[in-house]
Amino acid sequence: MKPVYALVDCNNFYVSCERLFKPQLKKRPVIVLSNNDGCVVSRSQEAKALGVSMAAPLFKVRDLVERHQIEVFSSNYALYADISARVMHTLEELSPEMEIYSIDEAFLNLAGFNSKDGLHQHGQHICHTLYQHVGVPVCVGIAPTKTLAKLANYGAKHYPATGGVVDLMDQRRQKKLLHITPVGEIWGVGRRSTLQLQNMGINTALQLVQMPLQTARRRFSIVMERTIRELNGEPCIELDNQPAAKQQILCSRSFGQKITDYDQLRETVCEFAARAAEKLRQGQQMTQMVNVSIRTSPFDAHEPCYANSATAKLSTYSNDSREIVALATQLLKSIWKEDYRYAKAGVMLGDLCLEDRLQPGLFDDPQQRAHSRQLMQAIDQINHSGRGKVWLGGQRPQQDWFMNRAHLSPAYTTRWEDLPQVF
DNA sequence: TCTGGGGTCCTAGGACCC
DNA sequence: TCTGGGGTCCTAGGACCC
């Protein structure tokens, strides 16, 4: 049976989450900021209309914010992750096959619903159910390929007359929408390719579809070729309902205040390493490669700038925080330079494998491994108990890495103290 | 003063082997 | 001056996504 993809995408998801618990924010301009209150990452329709652009640094839109009394929130990932889980759970019941694509969107396979009216109606049903059960508004795009489903969703969001559902199973409608869509809106066509395409005289998605496949392959890559095939209705990207194990784990942050002191930076990097190690254990994985990177701000023209990273291998695969933190510390030492104001640091773990697929090394000490596992389990249990935290000597916990979060909303759904009250 | 974080995939080029 | 051919594996960097 030919696949029928539906892309369900929440409307300005982070803003919608904030609105759930503050209904007075409906119809008002609202924005949510990235970590550190750096950039705008989610905007309500009203904020978009006022000219707040996506990814704009806060200081560049501060005027607009004040002039129009835009409501501002720091990002509250605990809240968004919990609402996301509710959305996905509801969707699971509406479709047998689904792929969670990101925190706020999922692909469904609707191959069972074949008649044209049935599909559109089912799309509306999805919208209504999610709004009723979770309270989050969504748009649905339906099409024979994922890239076209993305396009359909773009149409549903962009043109309110669609009522939030666009069915692109029909070729004539595909062509119509492709014709009025700028090429840069297509899934897989980023900023660089958009510029290059425009230089070739290709401005609309329809013009892209008409590009010969060999040209796409030669001038761009196999990725572009696939995009064009998909836009032509030929499915090249399958539904992936069993996400593969992670290939790398990254923990990095920009700092609210620059760091100049080695010990402070070391504590921060150790904390990142410990966090990364914890994520590793959550996925029952082990790592053999640790990478540490540090940098000054790339935006500051007046200051001396420096960026460097270092990578090293552990002697065997491990997910023991002690080993990972120790190696990260060594790596930091090797790239640290005095007299710079550091703006960002990160720890990346690569070369991952699943714990139960591990080939023991020749010099592995099984007893030591068992001991390490027990210790790490104990640490994770305590840290997840909600009753206290333990950490290694070098870490800098509870400091939130010098982050700015001036507009944080309560963790309404995941902390007892923050439960909303009704009077 | 203030510019996110966490990923994936592809490609080119170097190292190395026979 | 001429300086193999073919293959694999690894890595860094680019482009893209949300």
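Per chain, numbering begins at 1; letters A, B, ... match sequence-line order.
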When you get a sec, tell me which of [options] is the closest nucleotide to the side chain of [X]?
| X | options | answer |
| --- | --- | --- |
| S254(A) | dG7(B), dG4(B), dC2(B) | dG4(B) |
| C251(A) | dC9(B), dA15(C), dG6(B) | dG6(B) |
| Y101(A) | dC18(C), dG7(B), dG4(B) | dC18(C) |
| K246(A) | dG4(B), dG7(B), dT3(B) | dG7(B) |
| Q247(A) | dG5(B), dC9(B), dT3(B) | dC9(B) |
| S252(A) | dC18(C), dG6(B), dC10(B) | dG6(B) |
| K150(A) | dG5(B), dC2(B), dC18(C) | dC18(C) |
| W187(A) | dC18(C), dT11(B), dC2(B) | dC18(C) |
| Q248(A) | dT3(B), dC10(B), dT8(B) | dT8(B) |
| C39(A) | dT3(B), dG5(B), dT11(B) | dT3(B) |

Examine [N]: is either OP1 or OP2 under 4.0 Å from a nitrogen or oxygen in the side chain of [X]? Give yes or no.
| X | N | answer |
| --- | --- | --- |
| K344(A) | dG5(B) | yes |
| R62(A) | dT1(B) | no |
| R226(A) | dC10(B) | yes |

Are any non-hydrogen side-chain atoms of L280(A) and I324(A) less than 4.5 angstrom apart?
yes
Where do V134(A) and T129(A) land on the side-chain contact (heavy atoms from CB on, under 4.5 Å) test, with the steps shown first?
CA-CA 8 Å; V134(A) 191; T129(A) 311; over 6 Å; no
Please work out if [X] contacts a base, only the sugar-phosphate, or nothing of the nucleic acid, heavy-atom cut-off 4.0 Å.
| X | value |
| --- | --- |
| I186(A) | sugar-phosphate |
| S297(A) | nothing |
| I222(A) | sugar-phosphate |
| D37(A) | nothing |

Would Q174(A) and L148(A) count as a side-chain contact (heavy atoms from CB on, under 4.5 Å) if you check the C-alpha gap in whole Å, the side-chain angles of each, and the deciding distance to 0.1 Å?
CA-CA 8 Å; Q174(A) 288 171 19; L148(A) 281 171; 3.8 Å; yes
Length of the line joining [X]:[atom1] and [N]:[atom2], which is rounded to integer Å:
| X | N | atom1 | atom2 | answer |
| --- | --- | --- | --- | --- |
| N35(A) | dT3(B) | CG | P | 12 Å |
| Y77(A) | dC18(C) | OH | P | 15 Å |
| E105(A) | dG7(B) | CD | C1' | 14 Å |
| N404(A) | dG5(B) | CG | C1' | 16 Å |
| N308(A) | dA12(C) | CG | P | 12 Å |
| R217(A) | dC9(B) | CZ | C1' | 14 Å |
| R192(A) | dA15(C) | CZ | P | 4 Å |
| N291(A) | dA12(C) | CG | P | 9 Å |

May I ask you to decide whether E185(A) forms a salt bridge with K157(A), counting only side-chain N to carboxylate O separations under 4.0 Å?
no
Strand partner of dG7(C), provided both Watson-Crick or wobble distances fall under 3.5 Å:
dC16(B)
Quiz question: by atom type and distance under 3.5 Å, do the side chains of E18(A) and Y80(A) form a donor-acceptor pair?
yes
Residue mapping more 5' on DNA chain B - nearest nucleotide basis, I249(A) or D300(A):
D300(A)
Between S221(A) and K279(A), the residue closer to the 5' end of DNA chain B by nearest nucleotide is K279(A)
So which pairs with a foot in residues 188-203 of chain A pass side chain to side chain donor-acceptor pair (under 3.5 Å), sequence neighbours left out?
none
Which value, in whole Å, describes the distance between the C1' atoms of nucleotides dC17(C) and dG4(B)?
14 Å
Taking atom NZ as the centre, does K48(A) end up with more than 12 heavy-atom neighbours from other residues, nucleotides or ligands that are less than 6.0 angstrom away?
yes
